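Here the structure is a predicted model, which means the values were calculated and not measured. FYI, the numbering just counts along the sequence from 1.
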Amino acid sequence: MFDTEIKSLKSLNHYLIRLVESRLWLKVIIALFLGVGFGLLLSPQNGWISKETADIAGNWLALPGVLFLKLVQMIMIPLIVASIITGIASNDKDNLKKLGGGVLLYFLGTTIVSVSLGVILSQLFRPGRFLHQQALAEHNEITAVPTENPELSFGIETIPDAISNLLPENPLASMVSGEMLSIVIFTIIIGVAVLSLENALLRPVKLLLTAIQEVCMTVVKWSMLLVPIAVFGLMAQLTSSVGLSSLSGLTYYVGVVLLGLLLLVIFYLGLIVLLGKANPMHFLKKIRDVQLLAFSTTSSAAVMPLSLQTAEEELKVDKTISNFIIPIGATVNMDGTALYQTITTLFIAQAYGLEMSLLNIIVVIVTIVAASIGTPAIPGGGVVILASVLGSVGIPAEGIIIIIGVERLLGMFRTAVNVTGDLTACMVFNRLYGIKNTEILKKEAL
């Protein structure tokens, strides 16, 4: 009897190991829940350990996550440069004109949709009205402001400088400082210039870039071994430092943001059906690894290599399409972030008692569409841009302190939505411009 139980336990153990080994998403989910549970045990709110001890333990737990992010960020710039130039060089000039213009209009269109959705939800539910008075009282930094409409400015005089600053004077300096938008624009210009080379010169350039891309992907494969441990540590640190009490008074606001992100994902699935001609459920199943990693790391840039791999191997997207869209999308296609910034901006205005006129809301939309294009694809990048958005539309930037406790939580969700948008774009443009594999389309079609 005892031997039988041992054998059954061993067989169950082997089964669980086989189940988990081949599924990154399952490892991430298990690590995520274990990290949250362990973080709650370490939380100083329990009174079991001091805040100083919890902070030290959290820093050690987050070490694998920090190493993972730095390992990926280390090869991010060479991977972006190699991928974009390879994607451009693999197209002919006529196809590139169609693809480039189409991608630009697509990204702009989906960003406008996401911002408009944020405005509608903010005006419909008005989450700022439900902010608990105690939440304001706890933050002495927030002072009362007049209830009249703020004077807003379009900032037309700053537009020429903003456009000229997109072109880097020193590309190496931009790479060192991590100015991703400048790097992408520089790389696109170089990629288009590479197309003018004769075949004898073009061939070795493409071979070199392909080799760089493969080396970067090898480093990514090594870093993926750290993912479950990284997720566990990052979640444990986050939960132990933030706790659950930070949601107090902000539950309604969090709910409105999550509703907006859900509607945005539904919009993406509609594009998958109408333009991508694919089964949306199959699409979600194939990209869950990317979504979970994005959710855990809160960085679109960190999951860009996995997004490239998923687009090519799981979604069967042409390499020329994915190499062009994914690196650019990770920098400029931030629909989830744009929606979050819209709702948060109007939420903070409502919390301060500021009534936004139609003109003011239009200025908010224009500002956020422009700002979301340059949002850094790193954890906390959205907050940096949000502060500038608030200041530019006449709302006190100090209002960020209201939502700082739940910002990381919402950052996880919006990052997962951002990468979903990039992969949706790959599916759409692969259908429109890619080399179509009829057998794959038959299997994936509804």
Side-chain angles (χ1 to χ4, degrees), residues 9-43 54-76 79 216-244 284-314 326 330 377-380 408-420 422-423:
L9 286 174
K10 283 183 178 179
S11 61
L12 177 61
N13 182 53
H14 289 314
Y15 171 75
L16 291 174
I17 289 174
R18 287 198 308 273
L19 183 68
V20 172
E21 276 180 351
S22 59
R23 292 172 173 84
L24 177 64
W25 64 270
L26 188 55
K27 293 179 185 178
V28 171
I29 288 179
I30 293 171
L32 193 148
F33 280 105
L34 288 176
V36 169
F38 194 70
L40 290 176
L41 291 176
L42 285 179
S43 177
D55 290 342
I56 293 172
N59 289 336
W60 277 102
L61 286 168
L63 180 60
V66 173
L67 291 176
F68 167 77
L69 289 173
K70 290 199 171 185
L71 193 60
V72 175
Q73 288 168 356
M74 178 181 70
I75 51 93
M76 189 56 55
L79 180 58
C216 292
M217 295 305 288
T218 301
V219 176
V220 169
K221 289 177 183 176
W222 295 344
S223 68
M224 294 306 289
L225 299 174
L226 283 173
V227 166
I229 306 171
V231 170
F232 171 80
L234 290 172
M235 292 306 300
Q237 184 196 42
L238 174 66
T239 312
S240 65
S241 61
V242 173
L244 299 178
L284 286 177
K285 183 178 179 181
K286 290 177 178 179
I287 68 170
R288 59 191 174 191
D289 283 356
V290 182
Q291 289 176 319
L292 283 167
L293 187 59
F295 181 85
S296 305
T297 59
T298 328
S299 171
S300 301
V303 299
M304 195 196 81
L306 185 59
S307 297
L308 281 169
Q309 183 179 343
T310 301
E312 294 163 16
E313 296 179 5
E314 298 292 334
I326 294 292
I378 56 173
R408 179 64 186 271
L409 174 68
L410 294 176
M412 297 162 82
F413 283 99
R414 68 175 184 262
T415 306
V417 173
N418 287 341
V419 298
T420 303
D422 295 340
L423 291 170

May I ask you to test the [X]-[Y] pair for a side-chain heavy-atom distance under 4.5 Å?
X	Y	value
Val231	Phe295	no
Val417	Phe413	no
Ile326	Leu423	yes

Test side chain to side chain contact (heavy atoms under 4.5 Å, CB included) applied to [X] - qualifying residues, sequence neighbours left out:
X	value
Ala294	Val303, Thr415, Val419
Glu312	Leu308, Lys319, Ser322, Asn323
Leu284	Leu269, Met281, Ile287, Gln291
Ala57	Leu42

Would you tabulate the side-chain donor-acceptor contacts of residues 29-39 under 3.5 Å, counting partners in other chains and residues two or more places apart, or write 'none'?
none

*Say you draw a straight line from CG of Leu306 to CD of Glu313; how long is it, rounded to the nearest 0.5 Å?*
9.5 Å

*Quick one: list whatever passes side chain to side chain donor-acceptor pair (under 3.5 Å) with Ser296, sequence neighbours left out.*
none

